[in-house]
Student: 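Before anything else, here's the structure in question.
No experiment lies behind these values; they were computed from the predicted model shown.
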Amino acid sequence: NKHGYTYDEDKNIFLGKNGAEYVECRFETARPMMIRVDGEVWTVRFNGKAHRLDWLQPKLPHQIKEAFRAATLLKLTKAAPSYLTIIHQMLKTVSLAWDQHAPKEARNFSALEASHLIAIAKNIPRHDASAFRELYRILAVRGVHSCSLNKSKVFAEIRLNKINSGALPS
């Protein structure tokens with residue numbers, strides 16, 4: 001029981017007295033922050049600036065958003081609270097590229113080949129592609145949300161070939 005929060009080991013989150021869900025952000029180890037993560041919009045103030053992640057905004061399939069949400073929860077324990085803004089921006093650009101480069105029937109990551117992931121990444125700004133790759137890898141390493149390590153490796157190789165140069169691994 002940490003400062004009025006109860007840890008839920010299964011979900012890797014903290015529960016407040018009112019049942020609200022929080023992730024403990026330990027970016028500044030001396031001053032960890034609790035970020036509320038049970039709503040559709042996550043917000044936090046950090047270094048005098050508001051950071052926001054809106055899960056309703058991106059037009060992505062529900063299961064894809066759930067996968068990104070799970071990976072973001074894991075990443076937020078160590079990342080700076082400003083990571084919310086980074087993911088918010090990445091979701092916006094991925095949702096635009098998704099319409100053009102993901103199969104029409106794709107509802108989750110199992111429907112995407114490595115070539116689809118690469119096409120999405122190549123058609124968004126480099127910093128968004130980096131965040132996309134990172135969240136995909138977090139899921140692939142854990143073998144969850146239909147993310148595969150093989151696709152993650154191909155995805156990583158693209159970065160080595162300068163993601164926006166058009167080079168594909170053979």
Student: May I ask whether V41 and I86 are part of the same hydrophobic cluster, defined by side-chain heavy atoms of I, L, V, M, F, W, Y residues being less than 4.5 angstrom apart, directly or through others?
Tutor: no

Student: Between R26 and E24 (salt bridge meaning N to carboxylate O under 4.0 Å), is one present in this structure?
Tutor: yes

Student: Between the side chains of N108 and S110, does any donor sit under 3.5 Å from an acceptor?
Tutor: yes

Student: Test side chain to side chain contact (heavy atoms under 4.5 Å, CB included) on Y136 and K151; report intermediate values, then the result.
Tutor: CA-CA 9 Å; Y136 187 91; K151 289 180 198 171; 3.5 Å; yes

Student: Rounded to the nearest 0.5 Å, how far does CG of L135 lie from OG of S152?
Tutor: 11.0 Å

Student: Would D128 and R126 count as a salt bridge (charged side-chain N to carboxylate O under 4.0 Å, His left out) here? Give the steps.
Tutor: CA-CA 5 Å; D128 292 336; R126 186 172 286 185; over 6 Å; no

Student: Please test L74 against L139 for side chain to side chain contact (heavy atoms under 4.5 Å, CB included), starting from the C-alpha separation and ending with a verdict.
Tutor: CA-CA 9 Å; L74 290 165; L139 298 168; 5.6 Å; no

Student: Looking at P61 and A106, what are the two nearest heavy atoms and their distance?
Tutor: CG-O, 3.5 Å

Student: Test side chain to side chain contact (heavy atoms under 4.5 Å, CB included) on L96 and T93; report intermediate values, then the result.
Tutor: CA-CA 5 Å; L96 295 173; T93 61; 5.5 Å; no

Student: What are the two closest non-hydrogen atoms of S82 and F46, and how far apart are they?
Tutor: N-CD2, 4.4 Å

Student: Could you pull out the closest heavy-atom pair between A131 and I87, with the gap in Å?
Tutor: CB-CD1, 4.2 Å

Student: So does E113 get a backbone contact from the side chain of H116, meaning a donor-acceptor N/O pair under 3.5 Å?
Tutor: yes

Student: Can H51 and T85 be counted as having a side-chain donor-acceptor contact under 3.5 angstrom?
Tutor: yes

Student: Taking the side chain from S95 and the backbone from L91, do they hold a donor-acceptor pair closer than 3.5 Å?
Tutor: yes

Student: Looking only at non-hydrogen atoms, find the nearest pair between A79 and C25 and report the distance.
Tutor: O-SG, 3.1 Å

Student: Below 6.0 angstrom between ring centroids: does that apply to Y7 and F14?
Tutor: yes

Student: Linking Ile, Leu, Val, Met, Phe, Trp and Tyr by side-chain heavy atoms under 4.5 Å, what else ends up with V141?
Tutor: L149

Student: Does K75 make a cation-pi contact with Y83 (under 6.0 Å, within 45 degrees of the axis)?
Tutor: yes

Student: Is the shortest side-chain N to carboxylate O distance from R69 to E40 below 4.0 Å?
Tutor: yes

Student: Has the side chain of W42 got a donor or acceptor atom that lies under 3.5 Å from a matching backbone atom of V37?
Tutor: yes

Student: Once rounded to the nearest 0.5 Å, what's the spacing between atom CD of Q63 and atom CZ of F109?
Tutor: 10.5 Å

Student: Between the side chains of Q57 and H88, does any donor sit under 3.5 Å from an acceptor?
Tutor: yes

Student: Dump the intermediate steps for salt bridge (charged side-chain N to carboxylate O under 4.0 Å, His left out) on E28 and R31, then the final yes or no.
Tutor: CA-CA 5 Å; E28 291 182 346; R31 294 184 314 148; 2.5 Å; yes

Student: Can you tell me how far CE of M90 sits from NE2 of H127, rounded to the nearest 0.5 angstrom?
Tutor: 11.0 Å

Student: Within this structure, what is the CG-CG distance for the pair L84 and D54, rounded to the nearest 0.5 Å?
Tutor: 11.5 Å

Student: Is it the case that the side chain of Y5 and the backbone of E21 share a donor-acceptor pair, with hydrogens and angles ignored and the cut-off at 3.5 Å?
Tutor: no

Student: Measure the spacing between NE2 of H101 and CG of L112 and express it to the nearest 0.5 Å.
Tutor: 11.5 Å

Student: So, for V44 and M33, which heavy atoms are closest and what is the spacing to 0.1 Å?
Tutor: CG2-CE, 3.3 Å

Student: Should the heavy atoms of other residues, nucleotides or ligands under 6.0 Å from CZ of R36 be counted, would the total exceed 12?
Tutor: yes

Student: When you measure from the side chain of K65 to the backbone of W55, do you find a donor-acceptor pair of N or O atoms at a distance under 3.5 Å?
Tutor: yes

Student: When the ring centroid of F68 is compared with that of F132, is the distance short of 6.0 Å?
Tutor: yes

Student: Taking the side chain from N123 and the backbone from A119, do they hold a donor-acceptor pair closer than 3.5 Å?
Tutor: yes

Student: Begin from the C-alpha positions of L73 and N12 and carry the test side chain to side chain contact (heavy atoms under 4.5 Å, CB included) through to its verdict.
Tutor: CA-CA 8 Å; L73 279 172; N12 192 28; over 6 Å; no

Student: Taking all non-hydrogen atoms of both residues into account, name the closest pair between G19 and D38 and its distance.
Tutor: O-OD2, 4.4 Å

